[in-house]
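Step one of this worksheet: look at the structure below.
Computed from a predicted model, the values in this text were never measured in an experiment. In the text below, chain A, chain B and the rest are named by the order of the sequence lines, each starting its count at 1.
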Amino acid sequence: MNKLFLIIQREYFSRVKKKSFLIMTILGPLLMAGLMIVPVWLAMRDKTEHQILVLDHSGLFIDRLPNTKQIKFTYGSESVQTAKTKLKDGPFDLIMEIKGDALNDSKTTPILYYTKQPGINVEQYITNTMENILFDYRLQGDSIDVNKIDKARRPVEIITLKVTENGKDEKTNTEMNMMIGFGCAIIIYFMIFLYGSQVMRGVIEEKTNRIVEVIVSSVKPFQLMLGKIIGVALVGLTQFILWVILTLVISTAVNAILFKSQIEDTMKRNAQMEQVMKNDITAHVDQMEEINSPNEVIELFNQAGNINIIKVLAAFSFYFLFGYLLYAALFAAVGSAVDDEADTQQFILPVTIPLIASFIIAQSIVTDPNSSMAQFFSIFPLTSPIVMMVRLPFDVPVWELALSMTMLIVGFLFFTWIAGKIYRTGILMYGKKTTWKELGKWLFYKE
Amino acid sequence: MEPILEVKNITKKYANHIALNGVSISVQPQKIFGLLGPNGAGKTSLIRIINQITGPDSGEVWFNGQKLAPEHVELIGYLPEERGLYKKMKVGEQAMYLAQLKGLKKSEAKQKLQHWFEKFEIGNWWDKKIEELSKGMQQKIQFIVTVLHEPKLLILDEPFSGFDPINAQLIKNEILDLKAKGSTIIFSTHNMGSVEELCDHIALINKAEKLLDGSVKDIRKNHRSHTYQLTFKGNLIAFTNALWAGAELLEKKSDEDIHSVTIKLLRQNNPNDLLQAVLNHTEILSFQEVIPSMNDIFISVVENKTTVNTKSAHTE
């Protein structure tokens with residue numbers, strides 16, 4: 001036990017002290033924060049006001065393009081040439097020229113002149129409004145009542161309500177469920193790959209350095225394998241926690257500095273949202289919609305309250321831990337069977353196939369979370385860590401969850417036992433290319 | 001004296017071949033025991049069983065009067081043939097780690113390491129990474145971590161590979177020193193020169209079986225081939241004529257009237273008979289017995305010959 005602790009300690013500190021660990025720990029959150037901040041920042045960036053000078057030769061659009069907060073239209077009749085000089089001296093930053101035959105062509109092509117490129121949403125706004133105006137204009141030309149068309153075209157929005165045992169209907173959000181499930185599955189998937197292969201590299205390193213025989217003369221090979229797996233797991237945990245903390249710190253800091261007003265805005269909306277949520281939801285759909293539109297993400301987070309967060313977290317920790325342990329043992333066995341990393345190909349594939357497959361399966365499961373395929377793969381130990389995490393937010397029966405967890409523990413013990421057998425023989429085999437047949441024989445060697 | 005290590009009738013099979021077939025050895029305390037044999041003979045398999053890295057299919061190992069058990073690893077030091085250290089780890093850290101795996105306490109390990117580092121004058125290596133050291137330097141560290149916990153039984157598999165002659169001598173002296181201090185040493189090699197110099201007792205293994213076992217003195221005595229080398233001045237023909245049926249001329253070398261011959265005595269004849277027979281015909285310059293080297297014995301036994309080929313023998 002004491003020796004196992006020594007091994008864990010070495011495996012942990014030799015990795016945590018590496019420069020690459022420090023770099024990854026800092027770079028990871030920067031990337032994550034970047035992913036979170038950049039889209040918001042980009043959206044904000046385009047909030048500069050645009051003054052557009054419209055030169056409409058068709059006459060249809062004059063005074064009909066509605067101004068928004070950011071886009072103000074002014075109408076002129078000078079030539080493009082003279083208008084362009086105004087781009088330099090202001091106040092306009094965009095000139096839109098609409099040709100006289102815009103109404104007759106099958107395709108209307110206004111030309112936008114700029115000195116600083118406008119965002120895609122400006123272009124979109126212009127095309128949308130112009131399309132609408134042209135739509136109405138053409139309908140009128142055919143003497144069709146625009147109001148009738150409007151009435152005929154009404155949006156549909158689905159509200160899903162789960163009937164719970166206490167008779168109260170709960171609002172659920174399929175999209176949100178999917179996001180949480182997939183998010184957890186992606187994290188488990190990457191962590192297994194990232195740290196599983198670290199275990200494998202560690203085993204190969206010990207083999208190529210020829211230190212392994214020195215060590216197994218002091219400790220049992222299984223202890224060495226276990227120590228490495230646990231040590232790397234702790235490294236992963238440390239990195240994960242540091243990432244979460246750093247990501248939160250960085251993104252809050254940046255948000256606080258850059259988007260101060262935005263946050264205040266959001267908080268106000270949040271308060272409003274909560275007020276609405278407390279009341280009967282169906283009665284307030286219209287009101288919801290009104291509030292919803294500005295910030296859908298906030299809405300999603302509010303609805304996350306409907307999923308049992310504690311259950312998801314507990315399951316996540318469980319599948320994360322045992323999924324990693326199971327695969328790390330297999331990765332260790334692969335590492336022991338080869339002499340250098342280039343030789344791992346033939347053995348690594350069967351280990352990664354179930355992992356990759358479970359990810360593909362997970363995507364189809366989202367469409368039907370209670371199919372028999374979904375049931376099978378969320379119970380099968382090699383795929384359950386990922387598949388079950390995707391299914392979980394869609395309310396899996398308790399017995400299935402219990403069976404899946406039991407199977408994962410059994411699978412973990414079984415595969416670790418097999419891996420241990422391969423490992424203890426493999427680490428002492430040098431310079432020979434191992435075949436599958438030999439690997440099979442190793443299982444039956446007496447200790 | 002009660003042996004410190006007794007290997008009783010060990011058999012170890014792998015899928016395609018037998019590594020050890022009913023091998024027994026007995027190692028007396030405070031002796032250097034040479035385990036000899038060509039590559040692939042089964043030496044390493046036997047050593048791994050003694051180190052409890054693998055287990056035998058049948059047979060038993062007794063250590064220090066007890067059946068070999070996991071706690072014995074702390075009394076054994078092992079320097080494998082395939083050896084190395086963590087390249088990226090610092091010398092001191094690594095030595096501390098390996099020492100603690102052998103059951104030493106932290107303070108104990110540190111104290112002992114400092115002693116050895118001073119002895120080998122390598123104190124300034126403590127914070128260097130292994131990869132910054134030369135191969136010979138790494139071997140020194142490896143030797144230190146093998147003997148640091150003062151094992152009762154020290155198993156060295158080809159210990160001199162990777163050392164230059166000066167450092168090999170240094171290690172040789174350390175081995176003898178450890179023996180004097182009470183350690184027993186099993187020394188596996190196919191380098192016969194070092195066997196003659198160091199070993200008290202040897203066992204020769206070939207193709208999974210033990211072929212030879214005994215003290216170095218006895219083995220050499222048993223492998224005497226009754227071959228003698230004689231150098232004389234005079235007529236070679238007269239000399240050959242003087243030989244009788246009890247002696248066989250194996251080899252002759254002449255330099256003008258100085259002749260050097262190798263003669264094998266047959267049956268119960270002794271060297272005095274030979275000398276008497278030739279004494280009157282030649283002027284004898286030197287006469288000595290050709291004693292087979294361990295190398296010759298090794299080769300002859302492995303090739304399953306009963307007599308030693310004296311042609312390649314060198315005299316002592």
Side-chain angles (χ1 to χ4, degrees), chain A residues 1-15 17-21 201-202 204-224 227-228 231 339 421 423-425 427-432 434-435 437-447, chain B residues 11-16 19 44-45 47-58 70 72-90 93-106 109 129-131 138 141-143 145-146 149 151 155 157 162:
Chain A
M1 214 46 214
N2 190 25
K3 287 181 182 173
L4 182 66
F5 180 70
L6 277 170
I7 296 167
I8 294 171
Q9 212 179 15
R10 194 206 82 85
E11 297 294 337
Y12 180 77
F13 284 109
S14 71
R15 282 181 177 77
K17 278 194 221 155
K18 267 191 204 161
K19 272 198 201 95
S20 56
F21 178 83
R201 271 200 299 278
I204 295 172
E205 185 204 0
E206 273 168 2
K207 239 187 121 173
T208 46
N209 283 353
R210 298 284 194 265
I211 194 174
V212 69
E213 197 164 348
V214 175
I215 291 177
V216 294
S217 74
S218 304
V219 300
K220 291 243 158 281
F222 190 73
Q223 273 178 308
L224 179 59
K228 189 173 288 292
D339 270 342
K421 290 212 145 205
Y423 179 83
R424 58 147 214 249
T425 309
I427 47 170
L428 297 172
M429 294 276 172
Y430 301 117
K432 225 170 50 170
T434 315
T435 61
K437 208 173 142 195
E438 273 173 279
L439 221 59
K441 282 177 187 159
W442 292 357
L443 292 180
F444 301 104
Y445 282 166
K446 265 195 205 163
E447 204 170 319
Chain B
T11 297
K12 176 82 181 170
K13 290 191 184 87
Y14 287 109
N16 304 319
T44 302
S45 292
I47 287 173
R48 282 179 181 166
I49 287 169
I50 298 169
N51 275 301
Q52 302 178 71
I53 292 170
T54 51
D57 292 343
S58 67
H72 289 143
V73 295
E74 293 178 4
L75 302 174
I76 299 176
Y78 176 39
L79 184 70
E81 183 178 8
E82 295 280 5
R83 55 182 172 256
L85 297 161
Y86 289 112
K87 295 227 176 342
K88 306 265 177 214
M89 232 175 148
K90 284 178 182 162
E93 245 174 82
Q94 176 143 225
M96 288 294 288
Y97 172 60
L98 293 172
Q100 286 180 73
L101 282 187
K102 275 289 182 193
L104 285 184
K105 285 201 190 72
K106 218 171 177 173
K129 280 185 184 169
I130 290 288
E131 61 188 354
Q138 292 180 21
I141 305 289
Q142 190 111 47
F143 182 80
V145 297
T146 309
H149 60 296
I155 302 174
D157 199 349

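- A:Glu213 contributes atom CD, which lies 10.0 Å from atom CG of B:Leu79 (distance to the nearest 0.5 angstrom).
- By number of non-hydrogen pairs under 4.5 angstrom with chain A, the leading residue of B:Glu93, B:Arg83, B:Lys88 is B:Arg83.
- Rounding to the nearest 0.5 angstrom, the gap separating the CZ atom in A:Arg210 from the CG atom in B:Leu85 is 13.0 Å.
- Remark: A:Ile215 engages A:Ile211, A:Val219, A:Leu224, B:Tyr86, B:Tyr97, B:Leu98, B:Leu101 in a side chain to side chain contact (heavy atoms under 4.5 Å, CB included) (not counting sequence neighbours).
- Between B:Lys102 and A:Ser218, the shortest heavy-atom distance links the atoms CE-OG, 3.3 Å.
- Without hydrogens or angle criteria, B:Lys87 side chain to A:Glu205 main chain gives no donor-acceptor distance under 3.5 Å.
- With a threshold of 4.5 angstrom between heavy atoms, A:Ser217 approaches chain B through its backbone and through its side chain.
- Chain A forms more heavy-atom pairs under 4.5 Å with one residue of B:Gln100, B:Glu74, B:Arg48 than with any other, namely B:Arg48.
- Between B:Thr54 atom OG1 and A:Leu428 atom CG the span is 8.0 Å, to the nearest 0.5 Å.
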### Query
Passes side chain to side chain contact (heavy atoms under 4.5 Å, CB included), B:Met96 versus A:Leu6? Steps please.
CA-CA 11 Å; B:Met96 288 294 288; A:Leu6 277 170; over 6 Å; no
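- Residues satisfying the side chain to side chain contact (heavy atoms under 4.5 Å, CB included) criterion with A:Phe13, sequence neighbours excluded, are A:Gln9, A:Lys17.
- Atom OG of residue A:Ser14 and atom CE of residue B:Met89 lie 6.5 Å apart, to the nearest 0.5 angstrom.
- Looking at B:Glu82 and A:Lys207, no side-chain N of the basic residue comes within less than 4.0 Å of a carboxylate O on the acidic one, giving no salt bridge.
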